[in-house]
Amino acid sequence: MHDDDLQVVYTRRLLFRLFPKNSNGCLIMYMVLIGWLYVVLMLAVAQNSLWATFSILFFLGFLPTLFIARMTRRKWRKRQELAREQAKQAKTLE
């Protein structure tokens with residue numbers, strides 16, 4: 001493994017700590033989220049007042065990110081719970 005390969009693996013691990021690993025396209029979701037946050041930051045920086053800057057950061061940056069994280073986490077928990085129930089059922093059938 002080269003140093004570049006290690007950097008990519010390390011960066012992916014950091015991204016997956018924010019949201020759980022679940023399905024294909026997860027990395028694309030992170031890229032879209034990072035792009036969205038960048039656009040929101042640029043929009044907030046261009047405002048004339050601090051009130052407008054913080055309100056844009058909160059309503060267009062923080063709240064949507066929180067919503068996406070909670071929905072992704074909820075889906076991940078449901079999958080884990082379903083997998084546990086299936087494992088229990090398989091264990092009781094043996």
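- For the pair L57 and F62, the minimum side-chain heavy-atom distance is 4.5 Å or more.
- Proximity of a side-chain donor or acceptor of T53 to a complementary backbone N or O of A44 within less than 3.5 Å is detected.
- By the criterion of side-chain heavy atoms lying less than 4.5 angstrom apart, applied directly or through intervening Ile, Leu, Val, Met, Phe, Trp or Tyr residues, L37 is grouped together with M42 in one hydrophobic cluster.
- Each ring-ring contact (aromatic ring centres under 6.0 Å, His included) pair with one or both residues in residues 33-54, not counting sequence neighbours, would appear here, but there are none.
- Residues F58 and L66 are members of one and the same hydrophobic cluster, defined by side-chain heavy-atom contacts under 4.5 angstrom among Ile, Leu, Val, Met, Phe, Trp and Tyr.
- In this structure, V39 stands alone, with no Ile, Leu, Val, Met, Phe, Trp or Tyr side-chain heavy atom under 4.5 Å from its own, directly or through other members.
- Distance NZ/K91 to NZ/K88: 9.5 Å, rounded to 0.5 Å.
- Atom CZ of R77 and atom CZ of R84 lie 10.0 Å apart (nearest 0.5 Å).
- No continuous path of hydrophobic side-chain contacts links L63 to F67 [ILVMFWY only; heavy atoms under 4.5 Å].
- A distance of 4.5 Å separates OG1 in T65 from CG in L33, rounded to the nearest 0.5 Å.
- How far CG of L41 is from CG of L60: 12.0 Å, rounded to the nearest 0.5 Å.
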